2 protein chains.
Amino acid sequence: MSVDQTQDGQRPAAGRTRIQERNRAAILEAGLAVFSETGFSGATLDRIAREARLSKPNLLYYFPSKEAVHTALLENLLDAWLAPLRALDPAGEPQQEVLAYVRRKLELARDYPRESRLFANEVLRGAPHLSGVLGGELAALVEEKAAVLEGWMEQGRIARMPAKHLVFSIWALTQHYADFETQVRAVLGEGHDPFAEAGEFLDTLFRRLLVAP
Amino acid sequence: MSVDQTQDGQRPAAGRTRIQERNRAAILEAGLAVFSETGFSGATLDRIAREARLSKPNLLYYFPSKEAVHTALLENLLDAWLAPLRALDPAGEPQQEVLAYVRRKLELARDYPRESRLFANEVLRGAPHLSGVLGGELAALVEEKAAVLEGWMEQGRIARMPAKHLVFSIWALTQHYADFETQVRAVLGEGHDPFAEAGEFLDTLFRRLLVAP
DNA sequence: CCTTGATTTGACCAAGCGGTCAAAGCCACG
DNA sequence: CGTGGCTTTGACCGCTTGGTCAAATCAAGG
């Protein structure tokens, strides 16, 4: 399941018939599966069309190009991806707010690993389809929340540290379990629940990191 | 510069002439540049050959296929990549050993970002060319070092936590600065030295994480 | 200088790619 | 029931791709 298939950001969704809705959703679902598994270049329209149970020309009837499918997916993704950080409440209890953010971000990685990998693939390549958003919306949001965190630090409610790097550490640690799942499973061996263990471990880690000295 | 260009793991390096040595090195260097930038599927032999200042058939005179170049790179990479963990000394002072490991791993990410991205790309795709190594050599090494860490925990010399996840957290946090450099720079804005700041931050983070309670 | 083997290359190929197009099928509504 | 627009498709196209091959070039020893 995609995080959000009701909008695509390509055009206004005005006047979508049921069949259009269904086929566009099927294409985005198939595109997510294929792009996240093989990356942009490795993905083929034939395979995306096949997984969406459509012919290739039919797919191109709904999206003008391969890139359009990819872009639509990334734009869909972004809101859901940033939601946990948006939810960080300046009026809340600092440590609990951060720990809740970590928890929600890890749940996202656990429940939407394909989205996580799609995003990772894109950023790895230098974010050619996201450069605007990274320097714009994303940077602004982090700026805002970093200010909140720094406020808490100045009040002595959490330990002092570079706020943006605190955010980076949350991204890195949570997405690692989705993006490098192959490696994590290979190292842990059988009989482990990586995300459950990660949940406890990250809770401990950030608890220790945040306590005011 | 590649981490190691003197061996390739394809065949025994017996009887390499100077010209063979030079051309193979040029191909690996070019392959690293291209693969790390575009991923395996996005890379073309033409471009690798061009960057190595060779014709495509000439490149294929030295490596039998595109995959062979890729595999050789990954095998080259692995030793250098695992060296910092190998250097973790069971006889050393626990906290200093871990912090030194973090520092070395971050230096690797800073000095060899292309290698880091090559590796990330491969694991993201499910490590089709590395599955054996992940479950073998890598898993064994982590097993060994996790035992060392757990020994230290039992002696109360560092705080108790799941040792393998401690290793994951080091990988995640250090590689993040190489693999997601685009995002990091977009969020930090101008006038920052991401790796320098990361060095200090990660030192603090792991210091706080490791202190016995 | 000539021979022998290593090296290099232009020309080429089959397969797969993203994308087009005209025609066919389908459906709702008058 | 028929008609007009939405939907679907088989056939096709030009291009790029990984890879081949025979011929040309080069380097070194005798």
Side-chain angles (χ1 to χ4, degrees), chain A residues 8 10-35 37-74 121-122 125 128-129, chain B residues 8 10-35 37-74 121-122 125 128-129:
Chain A
D8 60 84
Q10 279 295 97
R11 301 166 215 190
R16 285 279 159 69
T17 70
R18 278 79 66 198
I19 200 166
Q20 278 175 341
E21 213 66 62
R22 181 172 50 85
N23 282 342
R24 288 184 62 94
I27 291 167
L28 289 175
E29 161 69 22
L32 176 60
V34 176
F35 282 130
E37 190 184 317
T38 64
F40 182 79
S41 313
T44 72
L45 284 179
D46 280 283
R47 197 177 146 203
I48 297 174
R50 186 165 8 105
E51 293 202 13
R53 296 173 188 281
L54 260 45
S55 67
K56 184 169 64 170
N58 201 10
L59 185 157
L60 288 165
Y61 173 74
Y62 289 100
F63 289 87
S65 69
K66 175 180 168 181
E67 215 177 299
V69 180
H70 191 246
T71 303
L73 279 168
L74 283 176
N121 252 310
E122 178 66 8
R125 285 192 322 171
H129 295 13
Chain B
D8 61 84
Q10 280 291 98
R11 302 168 214 187
R16 285 280 161 66
T17 69
R18 278 79 66 198
I19 201 166
Q20 278 175 342
E21 213 65 61
R22 180 171 52 84
N23 281 342
R24 289 183 63 94
I27 292 167
L28 290 175
E29 162 68 23
L32 175 60
V34 176
F35 282 131
E37 189 184 317
T38 64
F40 181 79
S41 312
T44 72
L45 283 179
D46 281 284
R47 197 177 147 204
I48 297 174
R50 186 165 8 104
E51 294 204 10
R53 297 172 188 281
L54 259 47
S55 67
K56 184 169 63 168
N58 201 9
L59 186 157
L60 288 165
Y61 172 75
Y62 290 100
F63 289 88
S65 69
K66 175 179 168 182
E67 217 177 296
V69 180
H70 191 245
T71 303
L73 279 167
L74 284 175
N121 252 312
E122 177 66 8
R125 285 191 322 170
H129 294 14

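Nothing here was measured: the structure is a model prediction, and the numbers come from that model.
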Self-check item: Length of the NZ-P vector between A:Lys66 and D:dT16, whole Å
Solution: 15 Å
Quiz item: Which part of the nucleic acid, if any, lies within reach of B:Ala49 when heavy atoms closer than 4.0 Å are counted: base, sugar-phosphate only, or nothing?
Solution: nothing
Quiz item: Whole-Å distance between C:dA28 P and A:Gln20 CD?
Solution: 14 Å
Quiz item: Is any side-chain heavy atom of A:Lys56 closer than 4.5 Å to a side-chain heavy atom of A:Arg50?
Solution: no
Quiz item: Between D:dT8, C:dT8, C:dG18, which nucleotide has the shortest distance from any of its atoms to the side chain of A:Tyr62?
Solution: D:dT8
Practice problem: Whole angstrom is fine here: how far is it from CG in B:Leu45 over to C1' in D:dT17? | Solution: 8 Å
Quiz prompt | Atom-pair distance (CG on B:Asn23; C1' on C:dT8), nearest Å | solution = 10 Å
Quiz item: Could you give the CZ-to-P distance, from B:Phe63 to C:dT7, as a whole number of Å?
Solution: 13 Å
Quiz item: What class does the angle between the rings of A:Phe35 and A:Phe40 fall in, given that below 30° is parallel, 30 to 60° is tilted and above 60° is perpendicular?
Solution: parallel
Quiz prompt | Residues within residues 54-61 of chain A bordering DNA chain D, heavy-atom distance below 4.0 Å | solution = A:Ser55, A:Pro57, A:Asn58, A:Tyr61
Quiz prompt | Whole-Å gap separating P (C:dT7) and CD (B:Glu21) | solution = 11 Å
Quiz item: Expressed in angstrom and rounded to an integer, what is the separation of B:Arg50 atom CZ from C:dT9 atom P?
Solution: 15 Å
Self-check item: Spacing of B:Arg22 atom CZ relative to C:dA6 atom C1', expressed in whole Å
Solution: 13 Å
Quiz item: Between B:Glu21 and B:Arg24, is there a side-chain N and carboxylate O pair less than 4.0 Å apart?
Solution: no
Quiz item: Taking it one step at a time, do B:Tyr61 and B:Leu54 satisfy side-chain contact (heavy atoms from CB on, under 4.5 Å)?
Solution: CA-CA 10 Å; B:Tyr61 172 75; B:Leu54 259 47; over 6 Å; no
Quiz item: Between A:His70 and A:Ser65, does a side-chain contact (heavy atoms from CB on, under 4.5 Å) hold up when you go through it step by step?
Solution: CA-CA 9 Å; A:His70 191 246; A:Ser65 69; over 6 Å; no
Quiz item: Short question: side chain of A:Glu51, backbone of A:Val34 - any donor-acceptor pair under 3.5 Å?
Solution: no
